[in-house]
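Letters A, B, ... mirror the listed sequences (proteins, then strands); counts begin at 1. Any value given below was found using the heavy atoms of this structure, including those in side chains, with hydrogens, waters and symmetry copies removed.
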Amino acid sequence: MLDPVFLRDHLPALRTALQHRGVDLGADLDALLALETERKRLIPGIEGLKREQNAAGEEAGRARREGRDITAIQDASRERAQRIKQLSAELDAVEERRQRGLLTIPNVPHSSVPVGRSAADNVEVRRHGTPRPFSFTPQAHWDLGPALGIIDFERGTKIAGARFTVLVGAGARMARALIDFMLDLHTRDHGYTEVEPPFMANSAALTGTGNLPKFEADLFKIAGEWDLFMVPTAEVPLTNMHREEILDGRMLPIRYTAYTPCFRSEAGSYGADVRGLIRQHQFDKVELMAFSAPAESYNELERLTGHAEEVLKRLDLPYRTVLLCTGDMGFASAKTYDIEVWLPSQNTFREISSCSNTEAFQARRASIKYRQPGGKPDFVHTLNGSGLAVGRTLIAVMENYQQADGSVVVPDALRPYMRGLEIIGPPK
RNA sequence: GGAGAGGUGGCCGAGUGGUCGAUGGCGGCGGUCUUGAAAACCGCUGUACCCGGAAGGGUACCGGGGGUUCGAAUCCCUCCCUCUCCGCCA
């Protein structure tokens, strides 16, 4: 959520920043500013009347004890109560529109974010590893998987429909191994606390992260009288761990990691990545999440991104890290790094992680504050990143470690998690 | 699914229409005392918003929302949550 004070004091700068994101909110911002002014006009009047009302109530109590007549006080109070009611209704309407406005405006990009319109304007910041040379034409995972009997697209469709997939045998086991491997890495080596959260979240939680009210179409909603949605990412439950809390500043940073399945309707993505495991309605992910003191949050973003990259380093998968431009960032983010893994069959890098600092954007929506000893409460900064998307990591392993005969070598780092299995060969 | 009990400040726990943001205790902070610590004693100790340069002042909040009333933590309605017993179940 936008800081109302920032809106009031930096309207031109805000307008420019949002233009850089490719959204035109000119009129919205003016309307919002007008609501802000209207709000500040109404509040002092209402509070003044309430003050009078309180004094009258006190006086009535005193008068009644002393046996004096209070009908005059009652009449005046009754009338005042009506005026308060009327003005409050006006204020409520203003507050509601103001709130709705504040909730639908995206975050302001950090000054270090390159200005650009699309993914083409993103900036590669580093690259790690070298794609393996192949003496044959590397196959896509959607050919390798079914041939090895470890991915079954047809049965996924039979059970749930398009964009659902069944992993079988060594495929299912490798997904589980990846989850285990990632969680161990982040808890043991990177200092995160493991969490297993609910896989559904309510509308308050989703509003806190920024998924609601604007992006309900991307979510799977539970039918019936439930205020519940399937989580689109563990970012939602993890960020909401401390919603409406004031944290002890000495506990920061707080770092959580969680494995969850993620559910996305992928509305509006018809035709994109229809083959294979790249874009599914359900996928597994290990998430990294941090609550940081504001002054430290950009250092924390670098650390968190490094923690996600470490997964690929240990699996010996080539990748590059890209700084997203203003036009390609998500709604809640002030700065985002995407990590892209090499996929030989596509001869390109594909996104496998997205690491963002939302600054106080989510903290303001979800009311997540911290307080240093003796200090005033202030909003924390929240950060999140994939560490990593499991399905896409599985794809990357299969494609990068494939051999001429269609078998797949198990990366060294994963073997302890797969009872020493060294190679996944075709079914006998 | 059925029956019942309950949600008050960081925690415990009073308060059932009138100076109640709310008695008391615990915890925390500061001070006195002490060689030091403990104990004892004294003081302070919530959040949000509004006005104000500040000092300070005001309004709201006793699970959420609505209502009754001159006036509500206290009465009414409704929703949410927690606990206990039964049933069911991983």
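- Between the NZ atom of A:Lys376 and the P atom of B:rU45 there is a distance of 12 Å, given to the nearest Å.
- A:Arg371 comes within 4.0 angstrom of sugar-phosphate atoms only, judged by non-hydrogen atoms across all strands, and of no base.
- Rounded to a whole angstrom, the distance from the C1' atom of B:rC33 to that of B:rA37 is 12 Å.
- Ring pair A:His307/A:His190 is parallel by interplanar angle, where below 30° counts as parallel and above 60° as perpendicular.
- Under the salt bridge (Lys or Arg N to Asp or Glu O under 4.0 Å) criterion, A:Asp378 pairs with no residue, sequence neighbours left out.
- Rounded to whole Å, the C1' atom of B:rG71 lies 15 Å from the corresponding atom of B:rG67.
- With the nearest nucleotide of RNA chain B identified for both A:Lys85 and A:Arg62, A:Arg62 has the one nearer the 5' end.
- Between B:rA22 and B:rC61, the distance separating the two P atoms is 13 Å to the nearest Å.
- Within the structure, a side-chain polar atom (N or O) of A:Arg39 is placed less than 4.0 Å from OP1 or OP2 of B:rC50.
- Protein atom CG of A:Leu91 is 19 Å distant from nucleotide atom P of B:rA48, rounded to whole Å.
- Per the geometry, CG belonging to A:Leu247 stands 14 Å off P belonging to B:rG10, to the nearest Å.
- In this structure, a donor-acceptor pair under 3.5 Å is absent between the side chains of A:Thr260 and A:Lys285.
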* Taking Watson-Crick and G-U wobble pairs with both distances under 3.5 Å, convert RNA chain B into its dot-bracket string, 5' to 3', dots for unpaired and | for cross-strand pairs. => ((((((((.[[[..)..(.....]]]((((((.......))))))((((((....)))))).[[[[[..)....]]]]])))))))....
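- Using atom C1' as the reference point in both B:rG13 and B:rU8, the two lie 9 Å apart (nearest Å).
- Comparing the P positions of B:rC51 and B:rG7 gives a spacing of 37 Å, expressed to the nearest Å.
- Going from the P atom of B:rC11 to that of B:rG4 covers 30 Å, rounded to whole Å.
- A:Glu58 has its CD atom 11 Å from the C1' atom of B:rC20, to the nearest Å.
- Residue pairs meeting the side-chain hydrogen bond (donor to acceptor under 3.5 Å, both in side chains) criterion with at least one partner in residues 294-306 of chain A, sequence neighbours excluded, are A:Arg255-A:Glu300, A:Glu296-A:Asn299, A:Glu296-A:Arg303, A:Ser297-A:Asn357, A:Ser297-A:His381, A:Tyr298-A:Glu359, A:Glu300-A:Arg303, A:Glu302-A:Tyr337.
- A salt bridge does not link A:Glu216 with A:Lys221: none of the charged nitrogens is closer than 4.0 Å to a carboxylate oxygen.
- Note on A:Pro377: only backbone sugar-phosphate atoms sit closer than 4.0 angstrom, heavy atoms only; bases stay farther off.
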* Structure fact -> Under a 4.0 Å heavy-atom criterion, the protein footprint on nucleotides 70-77 of chain B, written with B, S and -, is BS------
* For each nucleotide in nucleotides 51-60 of chain B, reading 5' to 3', give B when a protein heavy atom comes within less than 4.0 Å of its base, S when such contact involves only the sugar-phosphate, and - otherwise. => S------BBS
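- Across the protein-nucleic acid pair, A:Tyr370 atom OH and B:rU47 atom P stand 15 Å apart, rounded to whole Å.
- Taking atom P in both B:rU32 and B:rC62, one finds a spacing of 39 Å when rounded to whole Å.
- Panel note: side chain A:Asp121, backbone A:Arg117; a donor-acceptor pair is recorded below 3.5 Å.
- Ring centers of A:His242 and A:Tyr256: under 6.0 Å apart, within the cut-off.
- Taking 4.0 Å as the cut-off between side-chain N and carboxylate O, A:Arg314 and A:Glu310 count as a salt-bridged pair.
- No hydrogens or angles considered: nothing links the side chains of A:Ser407 and A:Gln402 as a donor-acceptor pair under 3.5 Å.
- A search for salt bridge (Lys or Arg N to Asp or Glu O under 4.0 Å) contacts involving A:Arg419 returns nothing, not counting sequence neighbours.
- Between the side chains of A:Asn202 and A:Asp227, no donor-acceptor pair of N or O atoms lies under 3.5 Å.
- Between the side chains of A:Ser386 and A:Ser354, no donor-acceptor pair is found at a separation under 3.5 Å.
- Computed from coordinates, the A:Glu38 CD to B:rC50 P distance equals 15 Å when rounded to whole Å.
- Rounded to whole angstrom, the span from the CH2 atom of A:Trp226 across to the C1' atom of B:rC79 amounts to 15 Å.
- Between the side chain of A:His110 and the backbone N or O of A:Ala334, no donor-acceptor pair lies under 3.5 Å.
- Taking atom CZ of A:Arg80 as the reference point, atom P of B:rU69 lies 17 Å away to the nearest angstrom.
- B:rG53 and B:rA40: their P atoms are spaced 47 Å apart (whole Å).
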